[in-house]
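Notes follow the structure.
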Amino acid sequence: MTKADVKTITVDQICKDLKIARSTFYDWRSKGRAPQCLKLLNGSLRVRRSAYHKWLSALEEIPTARVNWAEEKLTIDYICDDLCINRSTFYDWRQKGRAPQCSKLPNSDLRVYLSDYERWLSRMEDAS
């Protein structure tokens with residue numbers, strides 16, 4: 001059985017994927033902002049992969065057809081460090097529609113898929 005064959009994922013897998021603490025996930029859950037969970041008989045939680053994908057898609061600011069839950073997501077701090085820019089510059093670009101596509105998490109943090117960031121960098125190289 002491969003990773004793709006598994007129909008549910010754990011809270012730990014989601015936290016690792018989103019680069020968040022477990023406490024953040026449980027905070028979102030208590031506020032009704034987390035993906036729908038299944039509670040197993042032993043009390044542990046699982047999330048159907050399809051529910052997780054649907055939840056992620058709903059967070060996309062610009063809807064796209066693909067959601068790859070295993071794809072790395074970058075923080076805004078990482079992108080700012082990589083580009084040697086201030087956060088204010090990134091948010092200025094974002095407001096003007098010049099920043100890479102972002103996904104907004106329930107706590108309002110932003111993440112950028114690695115593939116979107118690489119595509120955006122490629123477009124910037126082509127424009128120069």
Side-chain angles (χ1 to χ4, degrees):
M1 181 180 284
T2 66
K3 197 178 201 180
D5 295 332
V6 177
K7 302 270 191 255
T8 63
I9 53 178
T10 65
V11 170
D12 285 340
Q13 288 171 312
I14 291 171
C15 292
K16 182 179 177 186
D17 183 42
L18 297 175
K19 297 178 177 58
I20 60 169
R22 284 177 61 91
S23 60
T24 300
F25 179 87
Y26 286 105
D27 180 54
W28 292 349
R29 186 166 187 264
S30 71
K31 294 175 181 174
R33 296 180 175 174
Q36 184 178 5
C37 298
L38 304 170
K39 192 168 191 176
L40 302 182
L41 295 175
N42 65 3
S44 64
L45 297 176
R46 297 291 186 275
V47 176
R48 283 191 178 96
R49 189 176 301 275
S50 60
Y52 182 56
H53 288 205
K54 183 177 177 181
W55 179 78
L56 279 177
S57 293
L59 296 176
E60 291 283 336
E61 292 192 343
I62 302 172
T64 59
R66 66 100 181 106
V67 175
N68 180 354
W69 80 274
E71 183 179 356
E72 186 172 1
K73 291 161 210 61
L74 307 174
T75 64
I76 301 310
D77 286 338
Y78 177 88
I79 290 172
C80 291
D81 287 345
D82 189 48
L83 297 173
C84 299
I85 61 170
N86 293 325
R87 286 177 66 93
S88 61
T89 301
F90 179 86
Y91 285 105
D92 181 53
W93 291 351
R94 186 168 179 266
Q95 184 177 21
K96 294 176 181 175
R98 297 180 182 163
Q101 179 181 331
C102 299
S103 297
K104 188 180 260 186
L105 301 179
N107 66 355
S108 297
D109 282 353
L110 298 174
R111 296 290 187 269
V112 177
Y113 281 102
L114 177 60
S115 62
D116 290 338
Y117 182 57
E118 290 172 341
R119 195 175 309 111
W120 179 82
L121 284 175
S122 179
R123 284 197 318 261
M124 295 300 105
E125 289 172 359
D126 292 344
S128 61

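- Ion pairing of Asp12 with Lys16 is absent here, as no side-chain N (NZ or NE/NH1/NH2) approaches a carboxylate O to less than 4.0 Å.
- Side-chain atoms of Ser57 come within 3.5 Å of backbone N or O of His53 as a donor-acceptor pair.
- Residue Ile79 holds its CD1 atom at 8.0 Å from CH2 of Trp120, rounded to the nearest 0.5 Å.
- Residues meeting the salt bridge (Lys or Arg N to Asp or Glu O under 4.0 Å) test with Arg48, sequence neighbours left out: none.
- Around the CZ atom of Arg98, the shell of radius 6.0 Å holds no more than 12 heavy atoms that belong to other residues, nucleotides or ligands.
- Side chains of Leu83 and Phe90 form no contact here, defined as non-hydrogen atoms less than 4.5 Å apart.
- Using a 3.5 Å distance cut-off with no hydrogens or angles, the side chains of Ser88 and Asn86 do not pair a donor with an acceptor.
- With Arg111 contributing its side chain and Leu18 its backbone, the two residues share a donor-acceptor pair below 3.5 Å.
- Tyr26 is connected to Val47 through a chain of hydrophobic side-chain contacts under 4.5 Å among Ile, Leu, Val, Met, Phe, Trp and Tyr, so both are in one cluster.
- Checked against salt bridge (Lys or Arg N to Asp or Glu O under 4.0 Å), Arg29 has no partners two or more places apart in sequence or in another chain.
- Put simply, the side chain of Arg33 gets close to the backbone of Pro106: a donor and an acceptor are under 3.5 Å apart.
- By the rule that hydrophobic residues join a cluster once side-chain heavy atoms approach within less than 4.5 Å of another member, Ile9 and Leu38 end up as members of separate clusters.
- Looking at residues two or more places apart in sequence or on another chain, you find a side chain to side chain donor-acceptor pair (under 3.5 Å) between Lys31 and Asp27.
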